[in-house]
Chemist: 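Below: one structure in structure tokens.
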Amino acid sequence: MSPSAAVPAVPAPRPQPPGGERSRRRLALIGGSLGNLVEWYDWFVYASFAVYFADDFFPGSDSTAKLMNTAGIFAVGFLMRPVGGWLLGRAADRHGRKSALTLTVTMMSAAAVLIAVAPTYARAGYLGAVVLLLARLLQGMSIGGEYAASATYLTEASAPNRRGLGSSFQYVSMTCGQLLGLGILIVLQHTLSSAQLHSWGWRLPFLLGAVLAGVVFWLRRRLPETEAFAAASAASAASAESAASGGRERDDARGTLRALWEHRRQAVLVMALTLGGTVAYYTYTTYLTKYLIGSAGLSKDTATLVSFTALAVFAAVQPLAGLLSDRIGRRPLLITFALGCTVGTYPLMTALGSARGYWSALGLSLVALLIVTGYTSINAAVKAELFPTRIRALGVALPYALANALFGGTAEYIALWFKNSGHESGFFWYVSGCALVSLVTYVLMPDTRHAVLSPEEAPAAPAVTETVR
């Protein structure tokens, strides 16, 4: 046996980024996550405080009907997410991830101010509901662009072998934004009377959101642009210069629907893999508190505390799951989520509806959210890894926003509709069915862990299969 045959080949070690590069990535991760936190705080605080301001904007004595009206406006905000995803996704692909992130937080700040000053039905009739609706439409546009811009930014700014970990901070910051809203709710519940909360206390978190958005605006203007976008911009500029000198027509399709059409298979894939995840996420987060109050019979204080504690644990496990996906791939986590949600939703929701105290409700909520973690921790990376740089933000934004508008934003309304019609368990089967569609998608799709996002990654990571591109 020759010496060369006796020693197995060992892959060349991956070069480690210099200290300055690590610091730049760390700054991008922190800055992108903090901005995302405030964006989603403003988005979710509407759902958290809806039980307190529903009476202010809609007349009548049917509390479920009032909640359905506020949930309907919540759902209408999702209808603007595809518009925001298209406009801001295009901006992110053409002008940079950083500029799109700055624009989204500006829009969110303006929407928070509108909600904070909206007049009540007693003062201005349905004008207050109209202002509420306009604010949610503006928030929908903002969050439609925010998801894609932050998912793309956090994924591109991460090291190639840590993209699952880096992208997991999107849902860490999303959940922390929701926790901040719930935390403020808990504080106000213990410092203000119920009458004060219903009268004017619910406006305070929206005012705070507007202030925090202003701080994030300042922060995001100082974030570095990603290497992947910079490289794509340089290549586009060189191509344009070459076309001009050669008399050829300039090809600048970055961030356009025409370029997205070239990747329509991946766009459909994003919608299918989002379907089950977004329905499950909104079921066990925004709707959970109302379900524990209206169906399990828990007090508002107890239900809020259950949601707060469960979401805190949920946020903590996101990076662990993201890191796991960097080692074993994305598909195992996605399949585990979809399988657990398909077979587990009915028994979990039934048990939650029978919970009679804090600890039983918390334990069941944690089981549900740990199952959902298989999707939330890595979905941003999976979607970003499906597209090339020139269409990545729009490719993530538009199909994701469409899936959310159709299924995520309507989940709470559908749940309340089933409850109001006397067939609440029908919603449990609806969630399971959505998860089943995504399960089939996960089983058939390729794993995207080794996708190359920029030329700098090419020597260090194997090329992704052609089925992904």
Chemist: Specify whether Phe314 and Tyr281 have parallel, tilted or perpendicular ring planes, treating 30° as the upper limit for parallel and 60° as the lower limit for perpendicular.
Modeler: tilted
Chemist: Any idea which heavy atoms bring Asp42 and Ala213 closest together, and the distance?
Modeler: OD2-CB, 4.3 Å
Chemist: Sub-3.5 Å donor-acceptor pair from the side chain of Tyr358 to the main-chain atoms of Val306, do we have one?
Modeler: no
Chemist: Would you say Ile143 and Tyr147 make side-chain contact, with heavy atoms under 4.5 Å?
Modeler: no
Chemist: Please name the residue in the list Thr373, Leu369, Leu366 that meets the side chain to side chain contact (heavy atoms under 4.5 Å, CB included) test with Val313.
Modeler: Leu366
Chemist: What distance separates Tyr400 OH from Leu275 CG, expressed to the nearest 0.5 Å?
Modeler: 12.5 Å
Chemist: Does any part of the side chain of Met445, heavy atoms only, come nearer than 4.5 Å to the side chain of Val382, both counted from C-beta?
Modeler: yes
Chemist: Which side-chain hydrogen bond (donor to acceptor under 3.5 Å, both in side chains) pairs, counting each pair once, include a residue from residues 421-440, with sequence neighbours left out?
Modeler: Ser295-Glu424
Chemist: Under 30°, 30 to 60°, or over 60°: which ring-plane class applies to Tyr375 and Phe337, parallel, tilted or perpendicular?
Modeler: tilted
Chemist: Show, in sequence, the C-alpha distance, side-chain angles and deciding distance for Arg162 and Leu323, and conclude whether the side-chain contact (heavy atoms from CB on, under 4.5 Å) test is met.
Modeler: CA-CA 7 Å; Arg162 288 292 183 268; Leu323 190 61; 3.8 Å; yes
Chemist: Residues in side-chain hydrogen bond (donor to acceptor under 3.5 Å, both in side chains) with Gln178, at least two apart?
Modeler: none
Chemist: Quick one: are Phe427 and Tyr291 in side-chain contact, heavy atoms under 4.5 Å?
Modeler: no
Chemist: Would you mind reporting whether Thr389 and Thr152 have side-chain heavy atoms less than 4.5 Å apart?
Modeler: no
Chemist: Quickly, which of Gln266, Arg449, Arg330 forms a side-chain hydrogen bond (donor to acceptor under 3.5 Å, both in side chains) with Glu385? Name it, please.
Modeler: Arg330
Chemist: Do you know which two heavy atoms are closest between Gly85 and Ala397, and how far apart they sit?
Modeler: O-CB, 3.3 Å
Chemist: Tell me the side-chain hydrogen bond (donor to acceptor under 3.5 Å, both in side chains) pairs involving residues 345-355, sequence neighbours left out?
Modeler: none
Chemist: Counting only heavy atoms not in Arg264, do more than 12 fall under 6.0 Å of its CZ?
Modeler: yes
Chemist: Should Gln139 and Ile115 count as side-chain neighbours, where that means a heavy-atom distance under 4.5 Å?
Modeler: yes
Chemist: Could you check whether any side-chain heavy atom of Phe53 comes within less than 4.5 Å of a side-chain heavy atom of Leu132, counting everything from C-beta outward?
Modeler: yes
Chemist: What's the verdict on side-chain hydrogen bond (donor to acceptor under 3.5 Å, both in side chains) for Thr274 and Lys383, showing C-alpha distance, side-chain angles and the deciding distance?
Modeler: CA-CA 9 Å; Thr274 299; Lys383 294 164 188 172; 3.1 Å; yes
Chemist: Is it the case that the side chain of Thr226 and the backbone of Phe229 share a donor-acceptor pair, with hydrogens and angles ignored and the cut-off at 3.5 Å?
Modeler: yes
Chemist: Count the heavy atoms belonging to other residues, nucleotides or ligands that lie under 6.0 Å from CZ of Arg356, then report whether that count exceeds 12.
Modeler: yes
Chemist: If we only count heavy atoms from C-beta on, is the Leu439 to Leu436 side-chain gap below 4.5 Å?
Modeler: yes
Chemist: Indicate yes or no: at least one non-hydrogen side-chain atom of Leu334 is less than 4.5 angstrom from one of Leu273.
Modeler: no
Chemist: How long is the straight-line distance from CG of Asn404 back to OH of Tyr282, given to the nearest 0.5 Å?
Modeler: 5.5 Å
Chemist: Residues in side chain to side chain contact (heavy atoms under 4.5 Å, CB included) with Ile184, at least two apart?
Modeler: Tyr41, Phe49, Leu180, Leu188, Pro205, Leu208
Chemist: Just to verify, what does Arg97 make a salt bridge (Lys or Arg N to Asp or Glu O under 4.0 Å) with, not counting sequence neighbours?
Modeler: Asp93, Glu156
Chemist: Looking only at non-hydrogen atoms, find the nearest pair between Ser325 and Gly322 and report the distance.
Modeler: OG-O, 2.7 Å
Chemist: Of all residues at least two apart in sequence or in a different chain, which pass the salt bridge (Lys or Arg N to Asp or Glu O under 4.0 Å) check with Glu146?
Modeler: Arg220
